[in-house]
Amino acid sequence: MEQTIKPTLEISEALRESTDKILQFKGRSRRSEFWWTMAVVYFVNLVFPPIGFVLSIATIPLTFRRLHDTGRSGWWWGFGFILRLVLYGNIIYDFIRFFPNGINDADVKMLLIKYLAIVLVLLLYSLVLMIMLCVDSEPYANKYGESPKYVGYDRRR
């Protein structure tokens, strides 16, 4: 089979691809499909936040497929979700714990260190995830399917 590289998707093609597979966690998605869709979602989120929030949730399968395209599990996204749940859970717990009795200086220092650590881990994770999402497609078929970009690429060549 001849090796070919499909050119970058235009915005209309990228949006069509992502909306056709809106609920599909399996398979792979190219960088252009991912980033054009994310740009539109970001813009909608700026103009119409409630609609943007719904669209942001709808991009979760797209993020899984983009990670699959680089040979990584989509659950890398899930790690960030868990980190955010830990952060929000701690905020709720600490609010319930300290609201009735007030807070002293030792508690403020402890909370500052705890939240600084959680936020630093979240920032590091976000940087790693961003790098993963920017990496080019694996040119050959991987355990998530054929490459949508590199058609007919044979690993043995």
Side-chain angles (χ1 to χ4, degrees), residues 1-93 111-157:
M1 183 184 286
E2 183 179 323
Q3 294 180 21
T4 59
I5 298 175
K6 290 184 179 180
T8 303
L9 299 174
E10 298 296 326
I11 188 168
S12 60
E13 296 170 311
L15 293 174
R16 189 176 334 101
E17 285 281 324
S18 63
T19 54
D20 286 349
K21 302 180 281 186
I22 196 163
L23 298 175
Q24 181 180 330
F25 283 85
K26 294 182 179 191
R28 297 168 62 167
S29 288
R30 300 167 58 167
R31 282 185 296 190
S32 53
E33 177 186 343
F34 179 80
W35 289 112
W36 277 122
T37 302
M38 294 307 284
V40 169
V41 169
Y42 181 76
F43 177 75
V44 171
N45 209 7
L46 288 175
V47 179
F48 305 109
I51 296 170
F53 176 73
V54 171
L55 290 176
S56 295
I57 291 171
T59 63
I60 294 168
L62 175 63
T63 306
F64 269 57
R65 292 192 314 272
R66 177 70 203 120
L67 288 165
H68 291 169
D69 196 42
T70 64
R72 293 173 178 85
S73 170
W75 289 108
W76 275 97
W77 176 90
F79 180 69
F81 181 74
I82 291 168
L83 282 175
R84 285 174 182 82
L85 286 179
V86 167
L87 175 63
Y88 300 140
N90 272 282
I91 290 170
I92 292 167
Y93 171 77
L111 289 173
L112 186 62
I113 291 169
K114 177 172 82 171
Y115 287 110
L116 184 61
I118 293 171
V119 167
L120 285 175
V121 169
L122 255 170
L123 286 173
L124 181 63
Y125 158 79
S126 297
L127 178 65
V128 169
L129 185 66
M130 181 68 71
I131 291 168
M132 288 179 184
L133 294 170
C134 288
V135 171
D136 194 11
S137 304
E138 283 190 331
Y140 44 82
N142 63 22
K143 66 182 181 178
Y144 304 106
E146 292 290 325
S147 173
K149 180 177 180 181
Y150 298 99
V151 179
Y153 187 86
D154 187 352
R155 184 185 277 212
R156 296 169 295 208
R157 290 187 190 181

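For clarity, every value in this text was computed on a predicted model and none was experimentally measured.
- Put simply, CZ on F53 and CD1 on I57 are 3.5 Å apart, with the number rounded to the nearest 0.5 Å.
- Partners of F43 by ring pair (Phe, Tyr, Trp, His ring centres under 6.0 Å), not counting sequence neighbours: none found.
- With a 4.5 Å cut-off on side-chain heavy atoms, E17 and S12 do not count as touching.
- Closest approach of P61 and A58 over heavy atoms only: CD-O, 3.4 Å.
- Take T19 and apply the side chain to side chain contact (heavy atoms under 4.5 Å, CB included) test, not counting sequence neighbours, and it matches no residue.
- Residue pairs meeting the salt bridge (charged side-chain N to carboxylate O under 4.0 Å, His left out) criterion with at least one member in residues 75-91, sequence neighbours excluded, do not occur.
- Between the side chain of H68 and the backbone N or O of R28 there is no donor-acceptor pair closer than 3.5 Å.
- Partners of Y115 according to the ring pair (Phe, Tyr, Trp, His ring centres under 6.0 Å) rule, which considers only residues two or more places apart in sequence or in another chain, do not exist here.
- Remark: D20 CG to L15 CG distance equals 10.5 Å, nearest 0.5 Å.
- Residue pairs meeting the salt bridge (charged side-chain N to carboxylate O under 4.0 Å, His left out) criterion with at least one partner in residues 118-135, sequence neighbours excluded, do not occur; the list is empty.
- To the nearest 0.5 Å, atoms OG (S18) and CZ (R66) are separated by 13.5 Å.
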When the side chains of residues 71-79 are checked against the rest of the protein, which donor-acceptor pairs come out under 3.5 Å, sequence neighbours left out?
unit_1, atom_1, unit_2, atom_2, d
R72, NH1, T70, O, 3.4
R72, NH1, T70, OG1, 3.0
S73, OG, W75, N, 3.0

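- Not counting sequence neighbours, the partners of W36 by the side chain to side chain contact (heavy atoms under 4.5 Å, CB included) test are I11, A14, S32.
- Annotation: side-chain hydrogen bond (donor to acceptor under 3.5 Å, both in side chains) contacts of S147 (sequence neighbours excluded): none.
- Residue pairs meeting the salt bridge (charged side-chain N to carboxylate O under 4.0 Å, His left out) criterion with at least one member in residues 32-59, sequence neighbours excluded: K21-E33, E33-R65.
- With values rounded to the nearest 0.5 angstrom, L9 atom CG is found 9.0 Å from T37 atom OG1.
- In terms of heavy atoms, P49 sits closest to L46 at CD-O, 4.4 Å.
- Here F25 pairs with F64 under the ring pair (Phe, Tyr, Trp, His ring centres under 6.0 Å) rule; sequence neighbours left out.
- Legend: residues meeting side chain to side chain contact (heavy atoms under 4.5 Å, CB included) with Y93, ordered by chain and number and at least two apart, are R97.
- Around atom CG of L120, more than 12 heavy atoms belonging to other residues, nucleotides or ligands sit under 6.0 Å away.
- Here the OH atom belonging to Y42 is positioned 15.0 Å from the CG atom belonging to L55, to the nearest 0.5 angstrom.
- Of the possible polar contacts, one joining the Q24 side chain to the K26 backbone as a donor-acceptor pair under 3.5 Å is found.
- Taking N90 as the reference, K114 meet the side-chain hydrogen bond (donor to acceptor under 3.5 Å, both in side chains) condition, with sequence neighbours excluded.
- The line from CG of L133 to OG of S29 is 11.0 Å long, rounded to the nearest 0.5 Å.
- Between R30 and D69 there is no salt bridge, since none of the side-chain N atoms of the basic residue sits less than 4.0 Å from a carboxylate O of the acidic one.
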Where do D136 and Y150 land on the side-chain contact (heavy atoms from CB on, under 4.5 Å) test, with the steps shown first? CA-CA 11 Å; D136 194 11; Y150 298 99; 2.6 Å; yes

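- Scanning all heavy atoms of the two residues, the minimum distance from L122 to G80 falls at CD2-O, 4.4 Å.
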